[in-house]
Every structure is written in structure tokens, then in C-alpha cells.
Amino acid sequence: IALSQLDSSEGQRKETLQLMADTLAHVPAYGARNLCEAMQSYILLWQVMCLEQAPNPFAFSVGGADKIFYPYMQELSREEAAALCKHFLVFFNVGSRSWAISQNILLGGKDTAGNDLTNPMSYAILDAYYDMNLPQPILSVKLHKNTPRKLYEELGRFLQIPEDQELMALIALGWPDEAPTAPKRKDVDTLLSFFCHFRLCPSVPVQTASQKRDCRRHFCRRYRFFI
């Protein structure tokens, strides 16, 4: 498409189309040479993942974007890298509403040896997110005991912390380290009373032993298991 429009275009539009054609001619087949090509490869991989998950390509991520993009940042400044990231984020918000529902961009974290993975690209992506304020993709920042203080400070603007205050700690929420205890199972009579009273015959209360036996048979036949 880009090549077909080159001859009829001029100026900035022609330069943009030529960049698109050159980028797609090189990646992903021959590997990225710069940040623009790396982002294009990332998007193509994400689209393939969407096709694999069709018809419900929701809630997954290609991986740590800052870790993937940092080797291609090269001599770019934080501001220049953030400008490219803005174009990258716009892709996930095509049309009148975001179609990349629950997609996730990951930042930060640590490697298997416990070394922090925060890098200059992490901050460039944060800048792009903050300036664009788009609903998708979701931003996730992985924190750990060796997360640098600077990253906490940069996150303060997202949490609307006043400039004269500092972020001291984030309280971890979610499941504890130990496996949760499963709730006690309901007895058969309780299950039967529920299904018979509310599902099968709501107008007829189950009281007598004969009614319970009839309800048990009906329950087993309808839900195809035996008690």
C-alpha cells in the first residue's frame, strides 16, 4: 500500500510512506536495526499472537517492552525515544474506541539473578504513556526490592502525588505466598435445596423426604451426574 502511494505523494507524506516501505521490507525477516524497526517487529509479533488467540485475543503481552527496545535505542535521547513510543501506543487505539482490549505493556522487573532491568527506555515509555493518556494498552510496572528510587519517583505523577510529597512505599495486594485454603464443600442436601427451590421448581418448597428424593432424581438427570 505504501509503495503504491509513493508516486502520488510528496513532502512529509512521501517520506513517511518511504520509511514504512523500507521498514517492512527489512523486518521481521532480517532483524531490526533501529528503534523504529524494533517497534514495527514488536507490533507484527503482537498481531500474530492475536491471530493465534482469535476470536478472543485478550489479556496478553509480547513481553517487557523496555527490555526489548533498549538495545535499539542507541544514540536516541529520552525525548526522541518517547516520541517514537507515542506512535507505538497509538497503534493499539485504532478507530473510535480501543480495539486492543486488555493488552499489556510490561516495564521494569528483574532477571533470574535478581538484577534490576530498569533502563533509559523504561523512562521514555513512561513519558509517552503520561503524555498520551490513552486507555490501551494497559501499563504494568514490575517492582521488587532492588527497584531504583528514580523509578518510584517517576511513577508518582501517575498516582497524582503532589510535588512536595514523596512515594514512600507501595503495599502489595493479592494472594499471599502460601496457597489459599479451599472453602469447605456444601453438603448434598444444601445443594439440592438450592437447585430445587431456586432453579427447578421455585414455586414448590422442598420439605418432605419424598419431595427431596424426587428432587434428587430430577437434579441428577438434568445435570448428568450422580450423588
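The shown structure was predicted, so the numbers you read here are calculated from the model rather than taken from an experiment. Values reported hereafter were calculated over all heavy atoms of this structure, with side chains retained and with hydrogens, waters and symmetry mates removed.
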Subject >> Same apolar cluster: Met121 and Leu151, side chain cutoff 4.5 Å >> reply: yes
**OP:** Might you point out which heavy atoms bring Ala128 and Ala82 nearest each other, and give the distance in Å?
**Re:** CB-O, 3.7 Å
Original post:
Going from CG on Leu89 to CG on Asn133, what distance comes out if it is rounded to the nearest 0.5 angstrom?
Top reply: 11.0 Å
Subject >> Distance in Å, Glu154 CD paired with Thr118 OG1, rounded so as to fall on 0.5 Å steps >> reply: 11.0 Å
Original post:
At their closest point, which heavy atom of Gln40 faces which heavy atom of Val27, and how far apart are they?
Top reply: CG-CG2, 4.0 Å
Original post:
Is it the case that one hydrophobic cluster holds both Leu117 and Leu35, taking links as side-chain heavy atoms less than 4.5 Å apart, direct or via other members?
Top reply: no
Original post:
Is the OH atom of Tyr130 crowded by more than 12 outside heavy atoms at less than 6.0 Å?
Top reply: no
Subject >> Side-chain donor/acceptor of Ser9 to backbone N/O of Gln5, under 3.5 Å >> reply: yes
Got a list of side-chain donor-acceptor pairs under 3.5 Å for residues 65-75, not counting sequence neighbours?
unit_1	atom_1	unit_2	atom_2	d
Asp66	OD2	Gly108	N	2.9
Asp66	OD2	Ser122	OG	2.6
Gln74	NE2	Arg33	O	3.0

Original post:
Which atom pair, heavy atoms only, marks the closest approach of Glu37 to Gly31?
Top reply: OE1-O, 4.1 Å
Subject >> Any Asn146 side-chain heavy atom under 4.5 Å of Asn115 side chain >> reply: no
Original post:
Do Arg157 and Asp127 have side chains that get closer than 4.5 Å, going by heavy atoms?
Top reply: yes
Original post:
Do Tyr42 and Ile105 have side chains that get closer than 4.5 Å, going by heavy atoms?
Top reply: yes
**OP:** Decide whether Leu44 and Val48 are clustered together by the hydrophobic rule: side chain heavy atoms of Ile, Leu, Val, Met, Phe, Trp, Tyr closer than 4.5 Å, transitively.
**Re:** no
Original post:
If Ile, Leu, Val, Met, Phe, Trp and Tyr residues are connected whenever their side-chain heavy atoms lie under 4.5 Å apart, and connections chain through other members, are Leu19 and Leu84 in the same group?
Top reply: no
**OP:** Determine whether Pro137 and Tyr129 make a side-chain contact, defined as any pair of heavy atoms from C-beta on separated by less than 4.5 Å.
**Re:** yes
Original post:
From Asn104 CG over to Leu139 CG, what is the distance, rounded to the nearest 0.5 angstrom?
Top reply: 8.0 Å
**OP:** To the nearest 0.5 angstrom, please state how far the CG atom of Leu6 sits from the CD1 atom of Ile1.
**Re:** 12.5 Å
**OP:** Can you see which heavy atom on Ala2 is nearest to which on Met20, and at what distance?
**Re:** CB-CB, 4.2 Å
Original post:
Which residues pass the side chain to side chain contact (heavy atoms under 4.5 Å, CB included) test with Glu80, sequence neighbours left out?
Top reply: Leu76, Ser77
**OP:** Check whether any side-chain heavy atom of Leu126 lies under 4.5 Å from a side-chain heavy atom of Phe158, and answer yes or no.
**Re:** yes
**OP:** Can you label the angle between the His26 ring and the Tyr30 ring as parallel, tilted or perpendicular, going by 30° and 60°?
**Re:** tilted
**OP:** Search all heavy atoms of Ala32 against all heavy atoms of Ala38 and return the closest pair with its distance.
**Re:** CB-N, 3.5 Å
**OP:** Take atom CG of Asp7 as the centre, draw a 6.0 Å sphere, and report whether it contains more than 12 heavy atoms from other residues, nucleotides or ligands.
**Re:** no
Original post:
Which heavy-atom pair separates His144 from Gly114 by the least distance, and what is that distance?
Top reply: CE1-O, 4.4 Å
Original post:
Considering only heavy atoms from C-beta outward, does the side chain of Lys150 approach that of Tyr123 to under 4.5 Å?
Top reply: yes
Subject >> Spacing of CD1 belonging to Ile125 relative to CZ belonging to Arg78, to within rounding of 0.5 Å >> reply: 11.5 Å
Subject >> Hydrophobic cluster membership, Leu155 vs Leu134, 4.5 Å side-chain cutoff >> reply: yes
**OP:** Just do the side-chain contact (heavy atoms from CB on, under 4.5 Å) check on Thr147 and Val141 with the steps written out, would you?
**Re:** CA-CA 10 Å; Thr147 296; Val141 182; over 6 Å; no
Subject >> side-chain contact (heavy atoms from CB on, under 4.5 Å) evaluation trace for Gln47 with Phe91 >> reply: CA-CA 11 Å; Gln47 289 178 311; Phe91 174 82; 3.3 Å; yes
